[in-house]
Protein chains: 2
Amino acid sequence: MSLRHALLGLLAEGPASGYDLTKQFEGSLMQWAWHTTHSHVYPELRRMTEDELVEVVATASRGRKTYGITDPGRQELRRWLLADPLTEEAVRSEAALRMFLLGNLEPAEAIKILQDYADRTTQRLETMQAQINQAPAQWRDNPFAVGRLVAERGLRTLPAVRDWALWCIEQLSQAQRPS
Amino acid sequence: MSLRHALLGLLAEGPASGYDLTKQFEGSLMQWAWHTTHSHVYPELRRMTEDELVEVVATASRGRKTYGITDPGRQELRRWLLADPLTEEAVRSEAALRMFLLGNLEPAEAIKILQDYADRTTQRLETMQAQINQAPAQWRDNPFAVGRLVAERGLRTLPAVRDWALWCIEQLSQAQRPS
DNA sequence: CGCGACATGTAAATAGTTACATGATTAT
DNA sequence: ATAATCATGTAACTATTTACATGTCGCG
């Protein structure tokens with residue numbers, strides 16, 4: 001139930017509406033840590049209100065409801081952040097799965113997919129770098145800022161991923177497919 | 001519905017039972033590409049049989065049923081592997097999410113979590129390296145072997161992840177937390 | 001004969017996606 | 001006025017997890 005903690009974490013920075021929170025997911029969170037949609041966010045906020053982890057602190061036009069984190073909410077966030085050492089991430093990546101099964105294609109087909117992947121990885125890296133450069137120094141120079149550390153993670157892992165894809169292409173080009 | 005394709009991909013290598021397939025997930029697939037449990041595998045195999053993507057090719061003692069991929073199954077696997085360029089992975093990583101929200105803890109607490117994470121990453125890298133070294137050369141030297149390319153991905157991304165965690169620790173140690 | 005690994009399943013609950021549905025406000 | 005964006009929700013479906021449940025075979 002990590003959506004709940006993601007929302008608590010964002011609300012710990014300050015009050016926000018379901019709409020705002022959804023936008024934050026679409027911004028950076030989605031790319032690096034967690035993905036969701038408004039259809040899941042709204043009901044979850046309602047349940048969290050029932051559980052008294054958040055509360056409606058303001059209502060505005062267009063039915064906008066601003067939520068704030070409560071004390072029990074902060075406690076729960078802290079509890080979760082400090083909980084058991086991250087038991088190893090039950091990874092679920094469609095990209096990795098395809099890579100796993102690439103041997104089922106002809107070398108030329110596999111190479112094309114890897115090349116696309118490498119290209120898109122390079123683009124993603126460039127976009128990230130640009131985003132970081134354009135961000136206010138206040139965020140860029142503050143390791144406590146939400147998402148700052150995770151952004152750096154992208155800068156450091158994407159090149160490794162790209163190099164891996166290029167290495168794969170080399171291997172597949174040289175190899176004769178064994179029967 | 002990638003579990004279906006994961007199963008097709010594994011069955012493309014040769015017939016196997018639900019039990020065998022679950023074990024394969026617990027082995028390498030789980031760590032890098034996809035995670036599942038037998039409770040999901042068995043019903044999915046039944047549905048895939050109904051859809052004629054796989055068929056029972058043998059039954060043995062203890063109720064063991066060996067499944068084989070059918071021609072439509074191979075077609076579907078191929079279709080999926082060649083489908084639309086991997087639209088960017090809707091990431092969902094509890095580890096990354098915690099990192100995202102680490103700013104909510106005291107620096108010392110955050111540093112401890114990052115240090116644990118770095119340590120576990122190092123261990124994981126060592127384990128992987130050992131696994132690859134111990135694997136038969138037949139697998140190690142064949143880029144078409146199932147999981148061979150993905151294993152290499154681990155070797156190349158884990159050091160970047162570890163270095164990232166260490167970098168974070170440095171940042172947090174130096175920084176004064178802004179109000 | 002008893003234990004561990006083999007082997008398969010179902011049921012109940014939770015989580016997540018996609019499609020449907022509605023309406024208000026703001027800028028052009 | 002009309003389009004874009006703001007803003008919220010529900011419904012139906014699919015996927016996933018956890019717990020329950022059962023029984024077999026081979027080895028010591």
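Because the structure is predicted, anything quoted here is derived from the model rather than measured. Letters A, B, ... mirror the listed sequences (proteins, then strands); counts begin at 1.
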Below 4.0 Å: OP1/OP2 of D/dG9 and any side-chain N or O of A/K65: yes

Hydrophobic cluster partners of B/V57 (side-chain heavy atoms under 4.5 Å): none

D/dT16 phosphate, OP1 or OP2, under 4.0 Å from A/R92 side-chain N/O: yes

Single-linkage hydrophobic cluster A/L53~A/Y42, side-chain heavy atoms < 4.5 angstrom: no

Whole-Å gap separating P (D/dT8) and NE2 (A/H40): 17 Å

A/W32 and B/S93: CA distance, side-chain angles, deciding distance, side-chain contact (heavy atoms from CB on, under 4.5 Å) verdict: CA-CA 8 Å; A/W32 295 111; B/S93 155; over 6 Å; no

Intermediate values then yes/no, side-chain hydrogen bond (donor to acceptor under 3.5 Å, both in side chains), B/D119 and B/Q115: CA-CA 6 Å; B/D119 291 347; B/Q115 187 63 59; 3.2 Å; yes

Distance in angstrom units between A/E94 CD and C/dG16 C1', rounded: 15 Å

Letter per nucleotide, 5' to 3', of nucleotides 20-28 of chain C [B base touched, S only sugar-phosphate touched, - untouched; heavy atoms, 4.0 Å]: ----BB---

Set of side-chain contact (heavy atoms from CB on, under 4.5 Å) partners for A/Q123, sequence neighbours left out: A/R120

OP1 or OP2 of D/dT17 under 4.0 Å from side-chain N/O of B/H35: yes

Presence of A/Y19 side-chain N/O under 4.0 Å of D/dT8 phosphate oxygens OP1/OP2: no

